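One structure below.
Just so it is clear, the structure is predicted and the values come from calculations on it, not from any experiment.
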Amino acid sequence: MKVVGLTGGIGSGKSTIARLFSALGIAVYDSDTEAKKLINTSAEIKKRIVEVFGAEAYAEGVYNRAYMADIVFRNPDKLAVLNSIVHPVLADHFNQWVALQTSPYVIKEAAILFESGSYKNCDFIITVTAPETLRISRCMSRDGSTEAQVRARMAQQWTDAQRIALSDAVIENINLEETEKRVRELNNLFIKNQK
């Protein structure tokens, strides 16, 4: 099964692109959503996070996002440790999911596709871009974040230039009509290449 990686910086519109592929009948794996689920359901992940970050990481048995975000988004080394705990379990979960899919190919949506190293298991990679000011505005509207909070998260991710250098295609997500056209073009290309 061909795996198409879909990535981009915070606020670039990865989820919008993923929904457009999904509307075309393509199975989409949302790595961020699945990781959040696994953090709360995987005994292996819970055990390791508590060992490293303390019992406060699971206040009242539920993952304490605010506590952990305060630690990892100010310390790249701690973020790397958290990712090293979650990503192997997430990779296994993804492989099990792929085995159940019947669409012509699958999309793996991941904000940190390159940073996590999971891009190495993709056959084709799409990077979604948008101007920084638009990305910040989208995040502030969507999450109720401050500009400083959005910029702090951006600082933890690769730049568009870094992602584009390793990508096979780029979708500039500014105009929805143009974006939809580009998604249809790529979908046709992937299906044609399956034959």
Test: side-chain hydrogen bond (donor to acceptor under 3.5 Å, both in side chains). Region: residues 119-129. Which pairs qualify, not counting sequence neighbours?
Thr127-Ser167

Residue pair Phe53 / Tyr67: nearest heavy atoms and the distance that separates them
O-OH, 3.0 Å

Where Ala59 and Asn64 come nearest, the two heavy atoms and their spacing:
CB-ND2, 3.8 Å

Under 3.5 Å, sequence neighbours excluded: what are the donor-acceptor pairs made by side chains of residues 92-99?
from	atom 1	to	atom 2	distance (Å)
His93	ND1	Tyr29	OH	2.7
Asn95	ND2	Ala91	O	3.3

Are Phe114 and Ile10 joined in one hydrophobic group, where the rule is that I, L, V, M, F, W and Y side chains link up if heavy atoms are under 4.5 Å apart?
no

Please report the C-alpha distance between Lys37 and Glu34 in whole Å, then the side-chain angles of each, then the deciding distance to 0.1 Å, and finally whether the salt bridge (charged side-chain N to carboxylate O under 4.0 Å, His left out) criterion is met.
CA-CA 5 Å; Lys37 287 181 193 169; Glu34 296 303 329; 3.5 Å; yes

Under the side-chain contact (heavy atoms from CB on, under 4.5 Å) test, residues paired with Ser15 that sit two or more places apart:
Arg19, Glu109

Working note: Lys181 + Glu177, criterion salt bridge (charged side-chain N to carboxylate O under 4.0 Å, His left out); need CA distance, chi angles, decisive distance, verdict.
CA-CA 6 Å; Lys181 181 180 170 194; Glu177 195 175 305; over 6 Å; no

Side-chain heavy atoms under 4.5 angstrom apart, residues restricted to Ile, Leu, Val, Met, Phe, Trp, Tyr: same cluster for Ile26 and Val183?
yes

Is it true that Arg153 and Asp143 have a side-chain N and a carboxylate O under 4.0 angstrom from each other?
yes

Does one side chain, of Tyr105 or Asn187, offer a donor that lies under 3.5 Å from an acceptor on the other?
yes

State, to 0.1 Å, how close Met1 and Gln101 come at their nearest heavy-atom pair, and which atoms those are.
CE-O, 3.5 Å

Say whether Val81 and Leu38 are linked into one hydrophobic cluster, either directly or through other cluster members, by side-chain heavy-atom distances under 4.5 angstrom.
yes

Do the side chains of Glu44 and Arg48 get close enough for a salt bridge, i.e. N-O under 4.0 angstrom?
no

What are the two closest non-hydrogen atoms of Val150 and Ser145, and how far apart are they?
CG2-CB, 3.7 Å

Pick one: which of Arg163, Gln162, Gln157 meets side chain to side chain donor-acceptor pair (under 3.5 Å) with Thr159?
Gln162

Determine whether a donor-acceptor pair (N or O, by modelled atom type, separation under 3.5 Å) exists between the side chain of Arg182 and the backbone of Ile171.
no

Identify the two heavy atoms, one from Ser12 and one from Asn173, that lie closest to each other, and give their separation to 0.1 Å.
O-ND2, 3.0 Å

For Lys14 and Thr7, indicate whether the former's side chain and the latter's backbone hold a donor-acceptor pair under 3.5 Å.
no

Joint cluster assignment, Val50 & Ile71, ILVMFWY side-chain distance < 4.5 Å
yes

